[in-house]
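To keep things clear, I will list the structure first and then write my remarks on it.
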Amino acid sequence: MKLMIVESPNKTKKIKAILGDGWDVAASVGHFRDLPPKELGVSADFALTYEYTERGKATIDALKPRVARAEMVYIATDPDREGEAIAWHLVEVFKLKKYQRVTFDAITEAVIRRALESPRQLDMNLVRAQAARRAEDRLLGWKVSPLLGRQTGVAGLSAGRVQSVAVRLVVDRQTEIDAFRATKHFGVEAVFEEEKWKAQWDTSPHLAEGQQYIVDRELPNRVAQCKEFTVTASETRPSAQSPKPAFTTSTMLQAGSVSLGFAPEETAALAQKLFEQGLITYHRTDSQNLSAEAIADIRSFAERTSLPLPKEPRRWNSKDNAQEAHEAIRPTHLEQKGAGEDEHQRQLYDMIWKRAVASQLADAEYSVTMLRLTSTS
């Protein structure tokens, strides 16, 4: 019997159905060891002290007999530094000599089978990165958190590597706001055909050298009295707009808030459910690019459904410090539409599906007409 250990118990049933006979699939239920909640847990030489989480000991006790009878343990925790750290803790706790580390960014048969064909050992760089993150959280925030709670009167508030920097950014921005001095200036807008189109007053001929705005109200008031206009120039030119890239984690959370009205926490939880159902690829990524396989699928789908395509597949430049171990978020099967267990999941899935497909389509084309108007009235 082979044993595969994943993070979430919600994945085990689907993965077991894919793997079939001869396999056992169990879950670590996320992190089962962490730094102690009532001690710093980081020594002067930056060594970390770990202990079981509240439910961690029970999880390990339940896994012990399944690990003992396994001829090989495949550790398939999530393909990020947190997942790698959990994999390392599993190896340490069970003192595993024979194990294989496998990762997959979609719960589909093809992806899982492909992962099993190329197992590896632990990536200690990722393990150390996660340990450094936890140490940094403690060193930057652990002693500050109780003080923060007392000063705000809100129990449970925490500070850390993210919160501490965020507070600094907020303070810097507030300092800029306090130092800002408003400039009252004026402009004029003409509205035509019941607001079907508008024209802006060109103030540049009336500005003195070095002046940015019209600050005297008299001239704008006179301009606002104009009622009759003459078209003195007209130019029509084509305009194109490229599609946006497929979602990263951050752009998905933003779109979930703006387009669907979901809080970021809800969007993240919905994406986790969609991933566990095998409907989307791994949802924690900084990459805007899709895999070559995904691009080929989308282009084939577009050709079958008469959607316009550019000559070459689209690629986006990486942002500085982007963690692009995984491709952008996309549906695992383009033919699946309206997928999800409830309405909110279906709304998010639909948004992910449309964004991923649109990212590889041709530019939208427009005809833009610019008019120059004059008035003497």
Would Tyr99 and Gln121 count as having a side-chain donor-acceptor pair, cut-off 3.5 Å? yes

Rounded to the nearest 0.5 Å, the CD atom of Gln211 sits from the OG atom of Ser204 at a distance of 11.5 Å

Do the non-hydrogen side-chain atoms of Lys184 and Val215 ever get within less than 4.5 Å of each other? no

Measure the shortest side-chain to side-chain distance between Tyr50 and Glu92 over non-hydrogen atoms and say whether it is less than 4.5 angstrom. no

Side chain to side chain contact (heavy atoms under 4.5 Å, CB included) with Arg173: of Val170, Ile177, Leu169, Thr175, only one passes, and it is Ile177

For residues Tyr74 and Leu122: do they belong to one hydrophobic cluster (side chain heavy atoms under 4.5 Å, members Ile, Leu, Val, Met, Phe, Trp, Tyr)? no

As a test of understanding, state which of Glu82, Arg134, His89 forms a side chain to side chain donor-acceptor pair (under 3.5 Å) with His31. Glu82

Between Glu276 and Ser8, is any side-chain donor less than 3.5 angstrom from a side-chain acceptor? yes

Residue from Ile107, Val25, Leu19 passing side chain to side chain contact (heavy atoms under 4.5 Å, CB included) with Lys14: Ile107

From Arg33 CZ over to Ser28 OG, what is the distance, rounded to the nearest 0.5 angstrom? 12.5 Å

Phe192 ring center near Phe229 ring center (under 6.0 Å): yes

Aromatic ring proximity, centroids under 6.0 angstrom, Tyr282 and Phe275: yes

Check whether Ser257 reaches the backbone of Gln254 with its side chain - one donor and one acceptor, N or O, closer than 3.5 Å. no

Go through the structure and list residues passing side-chain hydrogen bond (donor to acceptor under 3.5 Å, both in side chains) with Ser291, not counting sequence neighbours. Glu327

Take Arg120 and Glu84, measure what salt bridge (Lys or Arg N to Asp or Glu O under 4.0 Å) needs, and give me the verdict at the end. CA-CA 12 Å; Arg120 59 173 173 82; Glu84 204 71 20; 2.8 Å; yes

Checking side-chain polar atoms at under 3.5 Å, does Ser367 have a donor or acceptor matched by the opposite partner on Arg237? no

Do Trp201 and His206 have ring centres separated by under 6.0 Å? yes

Shared ILVMFWY cluster between Leu96 and Met72, side chains joined below 4.5 angstrom? no

With a 6.0 Å cut-off (strictly less than), is the heavy-atom count around CZ of Arg113, excluding the residue itself, greater than 12? yes

Distance in Å, Arg69 CZ paired with Glu71 CD, rounded so as to fall on 0.5 Å steps: 12.5 Å

Evaluate the side-chain contact (heavy atoms from CB on, under 4.5 Å) criterion for residues Leu348 and Met252: first the C-alpha distance (whole Å), next the side-chain angles of each, then the deciding distance (0.1 Å), finally the verdict. CA-CA 9 Å; Leu348 181 60; Met252 178 188 69; 4.2 Å; yes

Of all heavy-atom pairs linking Ala27 and Ile5, the shortest is C-CG2, 4.4 Å

Does Pro331 reach the side chain of Tyr349, with side-chain heavy atoms less than 4.5 Å apart? yes

Measuring from atom OG1 of Thr251 to atom CD of Gln288, what distance do you get when rounded to the nearest 0.5 angstrom? 7.0 Å

Who pairs with Asp342 by side-chain hydrogen bond (donor to acceptor under 3.5 Å, both in side chains), at least two apart in sequence or on another chain? none

Taking 4.0 angstrom as the limit, do Arg114 and Glu109 come out as a salt bridge? no

Kindly state each residue pair satisfying salt bridge (Lys or Arg N to Asp or Glu O under 4.0 Å) with at least one member in residues 361-377, sequence neighbours excluded. Asp202-Arg372, Arg314-Asp363

Side-chain heavy atoms of Asp78 within contact of Arg284, under 4.5 Å: yes

Thr77 versus Ala87, closest heavy-atom pair with distance: OG1-CB, 3.6 Å

Where is the tightest heavy-atom contact between Lys16 and Trp23, given as atom of each residue plus distance? CE-O, 2.7 Å

Does Arg346 come within less than 4.0 Å of Asp350, counting only side-chain N to carboxylate O? no

Path from Leu63 to Val29 over hydrophobic side-chain contacts below 4.5 Å: no

Do Leu260 and Thr267 have side chains that approach each other closer than 4.5 Å (heavy atoms only, starting at C-beta)? no

Side-chain donor-acceptor pair present, Thr332, Thr108, cut-off under 3.5 Å: no

Rounded to the nearest 0.5 angstrom, the CD1-CZ distance for Ile298 and Arg330 is 7.5 Å

Measuring only between side-chain heavy atoms, which start at C-beta, is Arg222 closer than 4.5 Å to Glu218? yes

Can you tell me how far apart CG (Leu274) and OG1 (Thr281) are? Round to the nearest 0.5 Å. 10.5 Å

If you count every heavy atom of other residues, nucleotides or ligands that lies below 6.0 Å from Glu176 atom CD, does the total exceed 12? yes

Quick check: closest heavy atoms across Ala246 and Ile329, and the distance to 0.1 Å? CB-O, 3.9 Å

Please determine, by modelled atom types, if Ser250 and Thr248 share a side-chain donor-acceptor pair under 3.5 angstrom. yes

Check whether the side chains of Glu193 and Trp197 place a donor and an acceptor atom closer than 3.5 Å, and report yes or no. yes

Does either side chain, that of Gln174 or that of Asp178, offer a donor lying less than 3.5 Å from an acceptor on the other one? yes

Worked check of side-chain contact (heavy atoms from CB on, under 4.5 Å) between Leu373 and Val231: CA-CA 5 Å; Leu373 310 178; Val231 177; 3.6 Å; yes

Is the shortest heavy-atom distance from the side chain of Arg299 to the side chain of Pro310 under 4.5 Å? yes

Within a 6.0 Å radius of atom CD on Glu189, are there more than 12 heavy atoms belonging to other residues, nucleotides or ligands? yes

Asp45 and Ser43: side-chain donor and acceptor closer than 3.5 Å? yes

According to the interplanar angle, ranging from 0 to 90°, do the rings of Trp353 and Phe301 count as parallel (below 30°), tilted (30 to 60°) or perpendicular (above 60°)? perpendicular

Would a 4.5 Å heavy-atom cut-off, applied to side chains only, mark Thr285 and Phe247 as touching? no

Would you say Val67 and Val6 are hydrophobically clustered, going by side-chain heavy atoms of ILVMFWY under 4.5 Å? no

Would you say that more than 12 heavy atoms from the other residues, nucleotides or ligands in this model lie under 6.0 Å from the NZ of Lys11, or not? yes

Compute whether any side-chain donor of one residue and acceptor of the other, for Arg304 and Ser300, lie under 3.5 angstrom apart. yes

Quick one, Phe46 with Leu139, criterion side-chain contact (heavy atoms from CB on, under 4.5 Å). Give me CA distance, side-chain angles, the key distance, then yes/no. CA-CA 10 Å; Phe46 301 108; Leu139 295 174; 3.8 Å; yes

For Glu228, does the CD atom have more than 12 heavy-atom neighbours from other residues, nucleotides or ligands under 6.0 Å away? no

Does one hydrophobic cluster hold both Ile75 and Ile18, with members joined at side-chain heavy-atom distances below 4.5 Å? no

Which pair of non-hydrogen atoms, one from Leu371 and one from Thr369, has the smallest distance, and what is that distance? CD2-CG2, 4.0 Å

Shortest non-hydrogen contact from Phe186 toward Arg217: CE2-NH1, 3.3 Å

